[in-house]
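Ligands are counted one by one from 1 in listed order, and the atoms in each one are counted from 1 as well.
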Amino acid sequence: MNSSAPIGVFDSGVGGLTVVREIMRQIPNEQIIYFGDTARVPYGSKSRKTVTRYSEQIVRFLRQQDVKAIVAACNTASAYALDEIEKEIDIPVIGVIRPGAKTAMDVTRNGRIGVIGTEATIGSGIYARYIKEQNTEMEVLGKACPLLVPLVEEGLLNDPVTDEIALRYLSSLIDSGIDTLILGCTHYPLIRATIGKVMGGHVTLVNPAYETARELRELLEGAHMLNQSKPELGDNRYQFFVSDGADKFIRFANSIIKYGVLSAKVVNIEEY
Ligand code: DGL
């Protein structure tokens, strides 16, 4: 595999851009091809079977773009589909869950870890499983917070409505004695300040987006696949594809990442 080939990153919609932002910061020489499944979002309320089928279609699309590695930048897709994807492809693929779980285990002092995410991610119990596989003594408390995704997509990042909903969801975790909280959904890093305020300063927030970019860097380095040449600044460095609503995607993307996103191509993902 050519080390100057792009990295494929996908998500159910715009949320995976929080992972793209970290990859751009931590491994700036890499080219990225991003696919956001904006026609079929949200994944968080869908079944394992459906999310797996969607994810496999996206992986087929990304493979056709000759990517050298794939990042499932969606907690729900990582929870439900990563094992299936790993079986099917011969290039490295990483999800966002293992890196987040690993970091939470490193930073917790009392072994009580909270995790918030979509109904699918929390219902799958995957964070708890990963953590307990490593250390059976750890306790993991999950809480699904489905309304936080639409609030973020509405741009209500610093808003009393978001504060109120976050408080309702998180109140059971506040009194649970956790000292670490995994932001187990792509959108939550965008309201990190609100979540931090609600939980209080004694709770360390773990952002799997940051940890995933770090793990990706280590993986590429270990495989001698880091891009050695500096790509030209231009349209091909970062390419964005969506399944619907390109204009809305571009607006949201430009509110998250500094690199000016000028275009997003619409792909009929059902064809893959
Ligand atoms: N990207 C999803 C996740 O991280 C959140 C949005 C959705 O439900 O599709 O789980």
Side-chain angles (χ1 to χ4, degrees), residues 8-23 34-59 62 70-83 85 93-101 103-104 114-128 130 142-157 162 165-166 169 181-192 195 205-213 240-245 248-249 252-253 256-257 269:
V9 181
F10 77 93
D11 176 52
S12 56
V14 293
L17 293 168
T18 57
V19 179
V20 166
R21 178 171 70 175
E22 292 299 338
I23 298 173
Y34 181 87
F35 182 86
D37 200 357
T38 44
R40 305 187 294 193
V41 67
Y43 283 10
S45 52
K46 295 195 170 75
S47 68
R48 178 183 294 271
K49 194 171 161 217
T50 300
V51 172
T52 303
R53 183 171 76 82
Y54 290 174
S55 303
E56 286 173 339
Q57 286 177 319
I58 298 168
V59 166
L62 289 173
I70 290 181
V71 180
C74 173
N75 285 262
T76 305
S78 300
Y80 275 170
L82 197 65
D83 289 349
I85 297 170
V93 48
I94 66 170
V96 284
I97 290 179
R98 215 178 276 269
T103 305
V115 51
I116 51 175
T118 64
E119 284 168 304
T121 301
I122 299 304
S124 75
I126 192 162
Y127 273 104
Y130 276 170
K143 176 80 188 164
C145 306
L147 282 177
L148 296 182
V149 166
L151 288 168
V152 168
E153 294 202 358
E154 282 303 310
L156 302 175
L157 303 185
T162 307
I165 304 280
Y169 279 138
L181 179 63
I182 303 171
L183 307 180
C185 172
T186 47
H187 291 57
Y188 302 168
L190 299 171
I191 48 166
R192 190 191 174 108
I195 295 169
L205 303 183
V206 172
N207 176 4
Y210 178 84
E211 306 305 336
T212 301
F240 298 89
F241 295 87
V242 292
S243 45
D244 198 10
K248 194 169 172 205
F249 175 87
F252 197 89
I256 298 186
I257 51 184
I269 198 66

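- Not less than 6.0 angstrom separates the ring centroid of Tyr34 from the ring centroid of Phe10.
- Residue contacts with ligand 1, taken as heavy atom pairs separated by less than 4.0 Å, involve Asn75 via backbone and side-chain atoms alike.
- Judged purely by distance below 3.5 Å, without hydrogens or angles, the side chains of Tyr127 and Asn75 pair a donor atom with an acceptor atom.
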Evaluate Ile97 against Tyr130 for side chain to side chain contact (heavy atoms under 4.5 Å, CB included), listing each step before the verdict.
CA-CA 9 Å; Ile97 290 179; Tyr130 276 170; 3.5 Å; yes
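- Counting heavy atoms under 4.0 Å from ligand 1, residue Asp11 touches it through the side chain alone.
- The protein non-hydrogen atom at the shortest distance from atom 10 (O) of ligand 1 is Thr76 OG1, 2.6 Å.
- If you check the side chains of Ser243 and Asp37, you find a donor sitting under 3.5 Å from an acceptor.
- Interface of Thr118 with ligand 1, defined as ligand atoms under 4.0 Å from a residue heavy atom, comprises 5 (C), 8 (O), 10 (O).
- Of all protein heavy atoms, the one lying nearest to atom 8 (O) of ligand 1 is Gly44 N, 2.9 Å.
- When hydrogens are left out, the protein atom nearest atom 6 (C) of ligand 1 is Ser12 OG, 3.6 Å; that is the closest non-hydrogen contact.
- For the 3.5 Å distance criterion, the side chains of Thr118 and Thr121 qualify, holding a donor opposite an acceptor.
- At a heavy-atom cutoff of 4.0 Å, ligand 1 is contacted by the side chain of Val41 but not by its backbone.
- Side chain to side chain, Thr50 and Ser47 meet the donor-acceptor criterion of an N or O pair below 3.5 Å.
- Looking from atom 5 (C) of ligand 1 to the surrounding protein, the closest heavy atom is Cys185 SG, 3.6 Å.
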